[in-house]
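Below you'll find the structure, written out as structure tokens, and then a few comments.
Throughout, a chain's letter reflects where its sequence line sits, starting with A, and its residues are numbered from 1. Being a predicted model, the structure only gives us computed values, none of them experimental.
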Amino acid sequence: MYRHLEHRLAQHVRDFLRRTYNLDLPRIVIEQPPKVEFGEYALPLAFELAKKLRKAPRKIAEEVVAKIGPIEGFEKMEVAGAGYINARVKREEVAAAIASDAKPKSEIPSGKILVEHSSINPNKAAHIGHLRNAVLGDTFVRLLQFAGRDVDVQNYIDNTGVQVADVVVGFLHLEKKSRAEIEQLARGLRFDYYCWDLYARVSQWYEQDKQNLQARAQTLHAIEEGNNETAAIADLISTTVLHRHLETMDRLDIEYDFLPRESEILRLHFWDAAFTKLKDGGVLFYETEGKNKGCWVMRRAGTSKPETTGTAEADAESVEQSQVAEEDQKVIVRSNGTVGYVGKDIAYHLWKFGLLGRDFGYRKFYLYPNGHQCWISSTNGEPDHPHFGDVAEIYNVIDTRQAEAQNTVIEALRGLGYHQQADHYTHFSYEMVALTPRCAAELGYQLSEEDKNKAYIEVSGRKGFGVKADDLIDTLIVSAKKEVDARHAQLSESERSAIATQIAVGALRYFMLKYTKPSVIAFDFNEALSFEGETGPYCQYAVVRATNIFRKGGMNPERFGRDVAPDVSMNDFEKHLNDEDANELWELWLAASKTSYMVDQCIATTEPAYLAKHAFQLAQLFNYFYHRHPILTEPDESRRKFLLATAAVVRRELIRALGVMGITVPPVM
RNA sequence: GGGCGCGUAGCUCAAACGGAUAGAGCAUCGGAUUUCUAAUCCGACGGUUGCAGGUUCGAUUCCUGCCGCGCCUACCA
């Protein structure tokens, strides 16, 4: 609703400026006044116009207010301060629209969107860093779906890379295990935990003697080759660990539609098709000297082209590819003819946009308990399958350390002339999760003096240094369960467990979303395990409180929100929202009206943290309201109904906002 | 060296494209309705927004230069 009115206001102001001053502003800036008393929207327009019209801002503001005329849904405009124009809505009309959950039509862009997230190496347990990725990615998917977009969720599986090879080396060379023994282990619980430790041991083993690295090279080669015992073991390990990852993420209600694997990118020769295009398009060139002699290379993203001389001919000459300085080159095909991961990534991204001319085979892989089917790539797939890839826009949720590699892929697309696709390729970049030195010490890691003084220490799978995702979820559930047990002893064990799980998931997902993307999360158990203050459980609790009002009053909050709220008459809305002390109540209604506005902002800025902030603010306002206004004992029936409608609307919007973050609300807390 | 990012209250973080008195949470201290459960609420304390310039009516935000920190910069992925 808030979004809708903003659009209307912007459009009206735009028309007015065109009509009155013959001005066409590229953007009408609309802000939110610091207090609701000032109105709902603020336009700093007059400041901007002052230069153009050569008049004082305040004068311009007064003129605009006097001449702009009525706007549907708006009460009036006022001049404030040095020249702000504040717009005031008709509170009762807006409230009635919110109460009836009116959904003004908005244009939904067509075209499918592909979101890739998680993409965890299938060689060890997922850790907190992967959780941040998955929660950000999954929330972004939900944001897009909320906005009405058609989304495919993909999780790229690097099942033939060094990391998987390392664990294979661990089983075969360190533990001397047979395939049957590994199969036995793979059937056990949390095989990914076993691999976590083994992977760390293998890394140590390499360091002990560099000769040991030969085992890695041989293993990797065998895996890439395929059709041999080593490759079969690698497949067994990666598939088992992948299953575990899906289970872990499913605990947080994170699901995928399709799992493209590197093994199929290799076996279905995606690279060959891409290679031809890249050579023909002049994106790749063959280096004949220097350290990259014998490699196919391209210009690394972010490196500048040589200075141009100004004339077209000289420019054409100077961008001649062989002039790319050695340090600006990115090797795509090694001198031994094998392709690196950026090359495979380019091929994969050509496929995403439907530009490769080849497709995966598909087979069913994982059926979620809720019936949702997840597919996986395969050399010879099933004949009937959904259509993946060939999309209009993509978002890759990948941490900022891979920014350069991502940009190189984008540049490759651009170099091939696929500018539109390159423009719709978004690297959804975020910072890593690290551990505070205190947290690391709590986990029993030996720290160097240097590390002890750092603000945070990077998680390292290679060193086995980090907090495993399942461990953190388990800890959260235990912690939440204690609280639930203490408060609701009368409930059954399974009910209490279910509630504790919802709270744990809410706490975790909110924790991963409350930080903006560029902020490193210095992980600390105290903060992650907190259920008070700016947390998921705080927001959930606000909903539970609202629900309790209806329960105690013998009403169904769902039905009340739908059926009874419209019965609060326009007169009643007007009476209760324009009182002496109605601002505080109106603030709550206004906040409740902003969900779809916030969703739009989150999508436009690829920043889900705004939604987390919004949910918290709404919950905060509600708790204040809850404390100030005993509803069921309110003697004035008209006012009681209005207060109930307030609670119903906030409850509905809070559930909605939390839902977009993948957070559900327990029946009681 | 080059590229990207960060530096805001004791701590962890906000501040939408440059706007009105820079806000939350935690911690500390003090308080709250025998009421729809206190996983709540209210109050206090807490700031030269790293430093120095510049642009602007207006800068935490944009530009330049310093200082400090992190990440990337492999014929690894």
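When distances are taken from the side chain of A/Glu262 to each of B/rA77, B/rA20, B/rA39, the shortest belongs to B/rA77. For A/Val331, the side-chain atoms get nearest to B/rC75 when compared with the rest of B/rC75, B/rC13, B/rA38. You'll find that the side chain of A/Ile503 is closest to B/rA39, out of B/rC71, B/rA39, B/rA16. Listed candidates were B/rC71, B/rC75, B/rA20. Nearest to the side chain of A/Arg334 is B/rC75. When the nucleotides B/rU40, B/rC75, B/rA39 are ranked by their closest atom to the side chain of A/Tyr538, B/rU40 comes out on top. Candidate nucleotides B/rG70, B/rC36, B/rA77 were compared by shortest atom distance to the side chain of A/Asp158, and B/rA77 ranks first. Nearest to the side chain of A/Tyr515, among B/rC75, B/rC71, B/rU12, sits B/rU12. Of the candidate nucleotides B/rG25, B/rC13, B/rA38, B/rG25 has the atom lying nearest to any side-chain atom of A/Phe616. Distance from the side chain of A/Gln620 is smallest for B/rG25 among the nucleotides B/rG25, B/rA39, B/rA15. Here B/rA14 is the nucleotide among B/rA20, B/rU37, B/rA14 with the atom lying nearest to any side-chain atom of A/Lys613.
Side chain A/Lys514 to base B/rU12: no donor-acceptor pair is found below 3.5 Å. No N or O donor and acceptor, one from the side chain of A/Gln402 and one from the base of B/rA77, sit under 3.5 Å apart. Judged by distance alone with a 3.5 Å cut-off, a donor-acceptor contact links the side chain of A/Ser335 to the base of B/rC75. In this model, no side-chain donor or acceptor of A/Asp345 finds a partner on the base of B/rA77 within 3.5 Å.
The nearest whole Å value for the distance from the CZ atom in A/Arg545 to the P atom in B/rU37 is 9 Å. One interatomic measurement links the two molecules: NE2 of A/His627 to C1' of B/rC41, which rounds to 4 Å at whole-angstrom precision. Atom CZ of A/Arg299 is separated from atom P of B/rG2 by 17 Å (rounded to the nearest Å).
Enclosure of atom CD in A/Gln490 by more than 12 non-hydrogen atoms of other residues, nucleotides or ligands within 6.0 angstrom is indicated.
B/rC69 and B/rA24 are spaced 25 Å apart, taking the C1' atom of each and rounding to whole Å. Rounded to whole Å, the separation between the P atoms of B/rU64 and B/rA20 comes to 25 Å. B/rG23 and B/rA15 have their C1' atoms separated by 7 Å, given to the nearest Å. Comparing the P positions of B/rU12 and B/rG31 gives a spacing of 30 Å, expressed to the nearest Å. Comparing the same atom, C1', in B/rU60 and in B/rU21 gives a spacing of 15 Å after rounding to whole Å. The same atom, C1', is picked in B/rC26 and in B/rA14; the two are 14 Å apart, to the nearest Å.
Of the side-chain N and O atoms in A/Lys552, one or more sit less than 4.0 angstrom from OP1 or OP2 of B/rU37. Regarding contacts with the backbone of B/rA77, every side-chain N or O of A/Tyr348 stays at 4.0 angstrom or more from both OP1 and OP2. Regarding contacts with the backbone of B/rA15, a side-chain N or O of A/Tyr610 is found under 4.0 angstrom from either OP1 or OP2. Distances shorter than 4.0 Å separate none of the side-chain N or O atoms of A/Arg628 from OP1 or OP2 on B/rC41. Of the side-chain N and O atoms in A/Asn292, one or more sit less than 4.0 angstrom from OP1 or OP2 of B/rC75.
Residues A/Tyr348 and A/Phe270 keep their aromatic ring centres 6.0 Å or farther apart. When ring centroids are compared, A/Phe625 and A/Phe622 come within the 6.0 Å threshold.
Within 4.0 Å (heavy atoms only), A/Phe47 reaches at least one base atom of the nucleic acid. Nucleic acid contact class of A/His614 (heavy atoms, under 4.0 Å, all strands): none. Base contact: A/Asn86 has a heavy atom under 4.0 Å from a base atom. A/Val484 comes within 4.0 angstrom of a nucleotide base, judged by non-hydrogen atoms across all strands. The residue A/Lys293 sits close to a base: some heavy atom pair falls under 4.0 Å. Counting any heavy atom pair closer than 4.0 Å across all strands shown, A/Glu532 reaches sugar-phosphate atoms only and no base atom. When heavy atoms are screened at a 4.0 angstrom cut-off, A/Asn623 is found touching the sugar-phosphate backbone but no base atom. Nucleic acid contact for A/Lys35: base, since at least one base atom lies under 4.0 Å from a heavy atom of the residue. In this structure, A/Gly340 reaches the sugar-phosphate backbone alone: every heavy-atom distance under 4.0 Å involves primed, P, OP1 or OP2 atoms, never a base. A/Glu327 comes within 4.0 angstrom of no nucleic acid atom, judged by non-hydrogen atoms across all strands. Using a 4.0 Å heavy-atom cutoff across all strands shown, A/Tyr456 reaches sugar-phosphate atoms only and no base atom. A/Val520 comes within 4.0 angstrom of the backbone, heavy atoms only, and of no base. Among the protein residues, A/Tyr341 comes within range of the nucleic acid bases, having at least one heavy atom under 4.0 Å from a base atom. Residue A/Lys291 is classed as a base contact, given a heavy-atom separation below 4.0 Å to a base.
Counted by atom type alone, A/Asn396 and A/His117 present zero donor-acceptor pairs between their side chains at under 3.5 Å.
Side-chain contact check for A/Glu31 versus A/Tyr41: every heavy-atom pair is 4.5 Å or farther apart.
Taking for each of A/Ala42 and A/Ala522 the nucleotide of RNA chain B with the nearest heavy atom, the 5'-most of the two is the partner of A/Ala522. Taking for each of A/Gln601 and A/His629 the nucleotide of RNA chain B with the nearest heavy atom, the 5'-most of the two is the partner of A/Gln601.
Ionic pairing of A/Arg3 and A/Asp600 is present here: one or more N-O contacts between side-chain nitrogen and carboxylate oxygen are shorter than 4.0 angstrom. Salt-bridge check for A/Glu404 with A/Lys330: failed, with every basic side-chain N at 4.0 Å or more from each acidic carboxylate O.
Between A/Ile157 atom CD1 and A/Ile265 atom CD1 the span is 11.5 Å, to the nearest 0.5 Å.
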### Query
After noting the C-alpha distance and the side-chain angles of A/Phe428 and A/Phe140, does the key distance pass the ring pair (Phe, Tyr, Trp, His ring centres under 6.0 Å) rule?
CA-CA 10 Å; A/Phe428 187 108; A/Phe140 198 67; 5.0 Å; yes
